[in-house]
Amino acid sequence: MVGYAFMGAAHSQAWRTVNRVYDLPARARMALICGRDSGKVAEAADRLGWEAYTTDWRDLVNRDDIDVVDVCTPGDSHAEIALAALAAGKHVLCEKPLANTVQEAREMAAAAATAQASGVRSMCGFNYRRVPAVTMMRQLVADGRLGVIRHVRAVYLQDWIVDPQFPLVWRLQKDRAGSGALGDIGAHIVDLTQYVTGQRITGVSAVTETFVKERPLSAESSGLAASANGGDGQVVDGAGPATGPVTVDDAALFVARLDGGALATYEASRFATGRKNALRVEINGSLGSVVFDLERLNELEFYDATRPTAEQGFSRILVTEGEHPYMSAWWPPGHIIGYEHSFTHQMRDFIEAIATGADPAPSFADALQVQLVLDAVARSAELGSSWTEVEPALTAVAV
Ligand SMILES: NC(=O)c1ccc[n+]([C@@H]2O[C@H](COP(=O)([O-])OP(=O)(O)OC[C@H]3O[C@@H](n4cnc5c(N)ncnc54)[C@H](O)[C@@H]3O)[C@@H](O)[C@H]2O)c1
């Protein structure tokens with residue numbers, strides 16, 4: 001694994017847990033973790049349960065006994081690490097968004113397709129697909145329970161940079177993060193809604209805004225984890241104004257058309273005061289509607305318009321039965337699960353795919369398509385919200 005902070009910790013927990021919960025054809029051994037600061041990565045290796053640590057990610061790629069490389073770094077290093085790992089024949093799990101640019105994402109998808117021919121697997125970490133209620137949402141749509149999908153309404157809202165004194169961490173720098181709310185949280189709702197509906201976004205009209213354009217410089221660009229644990233993201237003490245420009249969007253809103261005929265709205269913002277990590281998706285179809293809210297992730301609201309009129313209404317399904325996706329290995333019905341379980345489910349599916357020679361999803365090609373949507377949103381916003389088609393992937397990838 002490369003990176004040991006927020007996602008490093010979430011993924012480590014999942015790697016530690018997955019074989020203790022699920023009966024899988026292969027076992028994960030947590031061999032080597034990489035970070036840039038030897039003291040901090042040594043401490044992280046011990047705390048998170050890794051056998052050894054290194055300060056150079058190339059050590060992961062060069063070791064013969066390592067089969068899987070898990071990329072949990074900011075977007076500016078995804079392409080370099082993933083491409084080297086794939087070239088060395090390692091299976092790669094890469095955090096989202098896949099890359100900082102469409103060009104990088106295309107290279108990664110092409111490399112993944114080449115590696116796939118020799119049995120090397122790759123997957124992008126859109127973990128919310130693996131919340132059981134979200135997986136079930138997709139099944140309801142696929143089973144025709146919603147009929148023809150007319151509307152998709154998706155929001156992903158946070159508020160961690162409302163304070164203009166919050167420092168200029170890596171997530172607020174375009175060269176490190178690629179984009180702001182758009183790529184960080186907007187990417188999740190793009191992937192989630194396309195996954196649930198089975199439809200792809202074909203065109204968008206967007207607005208983006210950077211509300212706070214200058215921020216205090218940070219000692220180390222470490223993002224959310226730093227702000228949460230008081231770690232790296234400290235404001236630099238000392239002389240001078242010590243501020244720098246915010247080069248990403250604070251909020252991105254767009255309307256979209258999907259290739260199955262649905263109309264969609266998306267809102268991704270880090271300025272939704274009071275909203276900490278509020279991801280909500282509602283889908284309206286000709287036969288029913290379904291709603292998912294991450295703050296109540298064990299539940300799904302379902303409106304079945306085929307029921308007698310007198311009995312119609314949104315019903316709350318508690319998605320904790322053994323027959324619900326991923327749930328049979330956990331606890332008795334009604335014993336709820338949480339955020340981190342989505343990562344355990346991600347590792348389960350990845351290990352199973354590797355061990356059985358199947359292609360895991362979302363593939364790098366799927367993640368490239370999300371990147372193309374993000375790119376269309378950014379271009380539309382630059383052009384005064386003009387209607388912008390999503391470019392075709394045009395890659396020789398078997399999806
Ligand atoms: N799936 C999700 O829900 C989710 C949530 C948060 C972040 N992410 C994604 O995960 C990735 C990491 O985000 P995070 O929140 O964990 O960031 P973070 O700042 O908490 O951690 C980044 C880690 O990468 C390390 N790092 C940076 N550059 C490195 C390099 N060149 N070599 C080795 N280590 C390096 C840092 O030291 C740190 O340990 C990003 O792509 C982000 O978009 C996904």
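Whatever order the structure lists them in is the order used to number ligands and atoms, beginning at 1. Heavy atoms only: backbone and side chains are in, while hydrogens, waters and symmetry mates are out. Since the model is a prediction, treat every value here as computed from it, not as a measurement.
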Item to check | Heavy-atom gap Arg171 to ligand 1 smaller than 4.0 Å | outcome: yes
Checklist entry - Can you list the ligand 1 atoms lying under 4.0 Å from a non-hydrogen atom of Cys72? => result 12 (C), 22 (C), 23 (C), 24 (O)
Next on the checklist: For the 3.5 Å polar cut-off, considering only N or O atoms, please tell me whether Gly35 and ligand 1 meet it.
Outcome noted: no
Item to check | Name of the residue among Tyr4, Trp50, Phe343 meeting ring pair (Phe, Tyr, Trp, His ring centres under 6.0 Å) with His11 | outcome: Phe343
Item to check | Non-hydrogen side-chain atoms of Leu279 and Val155 separated by less than 4.5 Å | outcome: no
Item to check | Donor on one side chain, acceptor on other, Asp59 and Thr54, under 3.5 Å | outcome: yes
Checklist entry - Of the listed options (His188, Glu95, Lys40), which comes nearest to atom 3 (O) of ligand 1 when hydrogens are ignored and any heavy atom counts? => result His188
Checklist entry - Does ligand 1 have a heavy atom under 4.0 Å from the side chain of Ala10, from its backbone, from both, or from neither? => result neither
Item to check | Asn277 and Tyr156 side chains, donor-acceptor separation under 3.5 Å | outcome: yes
Checklist outcome for this item: In ligand 1, the atoms that come under 4.0 Å of a heavy atom of Val2 are 33 (C), 34 (N)
Checklist entry - So, does His91 use its side chain to make a donor-acceptor pair with the main chain of Arg121 at under 3.5 Å? => result yes
Next on the checklist: Please state which option from Tyr339, Trp170, Phe343 has its nearest heavy atom closest to atom 13 (O) of ligand 1.
Outcome noted: Trp170
Item to check | Atom CZ of Arg16 with >12 non-hydrogen neighbours under 6.0 angstrom | outcome: yes
Next on the checklist: Under a 3.5 Å distance rule, please check whether Thr101 uses its side chain to pair with a backbone N or O of Glu104 as donor and acceptor.
Outcome noted: yes
Checklist entry - Given Gly125, Pro74, Gly75, which has its nearest heavy atom closest to atom 24 (O) of ligand 1? => result Pro74
Item to check | Contact atoms of ligand 1, heavy-atom distance to Phe6 under 4.0 Å | outcome: 5 (C), 6 (C), 14 (P), 15 (O), 16 (O), 20 (O)
Item to check | Pick from Gln346, Lys96, Arg176, Arg36: the one approaching atom 42 (C) of ligand 1 most closely through a non-hydrogen atom | outcome: Lys96
Checklist entry - Hey, is OH on Tyr326 packed in by over 12 heavy atoms from elsewhere, all under 6.0 Å? => result yes
Checklist outcome for this item: Candidates Arg58, Met7, Met1; heavy atom nearest atom 10 (O) of ligand 1 found on Met7
Checklist entry - Given Gly3, Ala5, Gly8, which one has a non-hydrogen atom that is nearest to atom 20 (O) of ligand 1? => result Ala5
Next on the checklist: Please list, in number order, the atoms of ligand 1 under 4.0 Å from a heavy atom of His78.
Outcome noted: 41 (O)
Checklist entry - Given that the side chain starts at C-beta and the backbone is N, CA, C, O, which of these parts of Phe126 lies under 4.0 Å from ligand 1, counting heavy atoms, or is it both or neither? => result neither
Checklist entry - Does even one non-hydrogen atom of Pro97 get within less than 4.0 Å of ligand 1? => result yes
Item to check | Whether over 12 other heavy atoms sit under 6.0 Å from Arg348 CZ | outcome: yes
Checklist entry - If you measure from atom 2 (C) of ligand 1 to every heavy atom of Asn127, Leu60, Asp37, which option wins on shortest distance? => result Asn127
Checklist entry - Would Glu299 and Arg316 pass as an ion pair if we require N to O under 4.0 Å? => result yes
